[in-house]
Amino acid sequence: LVSDMKGVKAGKLRLAVITTAKYFVPRLLGPFCDLYPGIDVSLKVTNRERILQRLMDNEDDLYILGQPPEHMDMQVEPFLENPLVVLAHGGHPLAREKNISIKRLAEEPFLMREAGSGTRLATERFFAEQGLSLKVRMELGSNEAIKQAVAGGLGVAVLSAHTLALEKSSDELVVLDVEGFPIRRQWYAVYARDKQLTVVARAFLDFLLHESQKISLSYMKCIPGFQALACDDK
Ligand code: PGA
């Protein structure tokens, strides 16, 4: 990999990623920038709707989304699992229950991301397919704000398991064991098919596809229903 990219000495890399990829991409930039110290990186972190707008306006070299854009001619590379889980406060009455029904879960007050969020879209679709609508207690504009509100006992929420990346194991946040969860999704690296990737963007994409295979999903170990993948690296 390194020898292929010997020529990459300097240049600019403009990345735009959906909010949950911020738990993963900045960390990867460390070793990438060690390999290619001359590269100047900018990283935009925002929600799905704004990323799609940036894609249409051709503002960045490479995008990371949780669901490929529809109706756009894009090159799309899936690279890592991105399961969505149900979070509750440790003291929640459902915290110790097994195999909670979706119907039962839908009775709980929900904390939702803002309109335009891919996480919200996937959550709404999931419940709509079951013929259920959610009781939205509050809308919050970030994953971290939702985690805090869940920990504070305001309600339950569906978020990417990656948002738990640096969470110390504590009783504040638990993953509920709900039928049909986790919702299995992936992260996708995306760029316009008619756009020639810059040498730098190509180097980063190769690095991403290669390095993401090594990512430890160890913090996902305790996700009910996710054992097959999560417990591999015990
Ligand atoms: P969001 O996207 O940050 O817009 O919620 C996340 C996703 O689609 O996985």
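Only heavy atoms go into these numbers, but all of them, side chains included; no hydrogens, no water, no symmetry mates. Atoms within each ligand, like the ligands themselves, are counted from 1 in listed order.
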Review item, side-chain donor-acceptor pairs of residues 91-101, under 3.5 Å, at least two apart:
{"unit_1": "His92", "atom_1": "ND1", "unit_2": "Leu94", "atom_2": "N", "d": "3.0"}
{"unit_1": "His92", "atom_1": "NE2", "unit_2": "Glu108", "atom_2": "OE1", "d": "2.8"}
{"unit_1": "Ser101", "atom_1": "OG", "unit_2": "Arg104", "atom_2": "N", "d": "3.1"}

List ligand 1's nitrogen or oxygen atoms that come under 3.5 Å of a protein nitrogen or oxygen, with the partner atom and distance.
{"unit_1": "ligand 1", "atom_1": "3 (O)", "unit_2": "Thr19", "atom_2": "N", "d": "3.2"}
{"unit_1": "ligand 1", "atom_1": "3 (O)", "unit_2": "Thr19", "atom_2": "OG1", "d": "2.5"}
{"unit_1": "ligand 1", "atom_1": "3 (O)", "unit_2": "Arg113", "atom_2": "NH2", "d": "3.3"}
{"unit_1": "ligand 1", "atom_1": "4 (O)", "unit_2": "Arg48", "atom_2": "N", "d": "2.7"}
{"unit_1": "ligand 1", "atom_1": "4 (O)", "unit_2": "Gly118", "atom_2": "N", "d": "2.7"}
{"unit_1": "ligand 1", "atom_1": "5 (O)", "unit_2": "Arg113", "atom_2": "NH1", "d": "3.2"}
{"unit_1": "ligand 1", "atom_1": "5 (O)", "unit_2": "Arg113", "atom_2": "NH2", "d": "3.4"}
{"unit_1": "ligand 1", "atom_1": "5 (O)", "unit_2": "Ser117", "atom_2": "OG", "d": "2.7"}
{"unit_1": "ligand 1", "atom_1": "5 (O)", "unit_2": "Gly118", "atom_2": "N", "d": "3.2"}
{"unit_1": "ligand 1", "atom_1": "5 (O)", "unit_2": "Thr119", "atom_2": "N", "d": "2.9"}
{"unit_1": "ligand 1", "atom_1": "5 (O)", "unit_2": "Thr119", "atom_2": "OG1", "d": "2.6"}
{"unit_1": "ligand 1", "atom_1": "8 (O)", "unit_2": "Arg185", "atom_2": "NH2", "d": "3.1"}
{"unit_1": "ligand 1", "atom_1": "9 (O)", "unit_2": "Asn82", "atom_2": "ND2", "d": "3.4"}
{"unit_1": "ligand 1", "atom_1": "9 (O)", "unit_2": "Arg185", "atom_2": "NH1", "d": "2.7"}

Min side-chain heavy-atom separation Leu65-Arg48 under 4.5 Å: yes
With sequence neighbours excluded, residues passing salt bridge (Lys or Arg N to Asp or Glu O under 4.0 Å) with Arg185: none
Exercise: do Thr19 and Asn143 side chains pair donor with acceptor under 3.5 Å: yes
Pairwise ring-ring contact (aromatic ring centres under 6.0 Å, His included) hits with a residue in residues 119-145, at least two apart: Phe110-Phe127, Phe126-Phe181
Side chains of Leu140 and Gln148 in contact at under 4.5 Å (non-hydrogen atoms): no
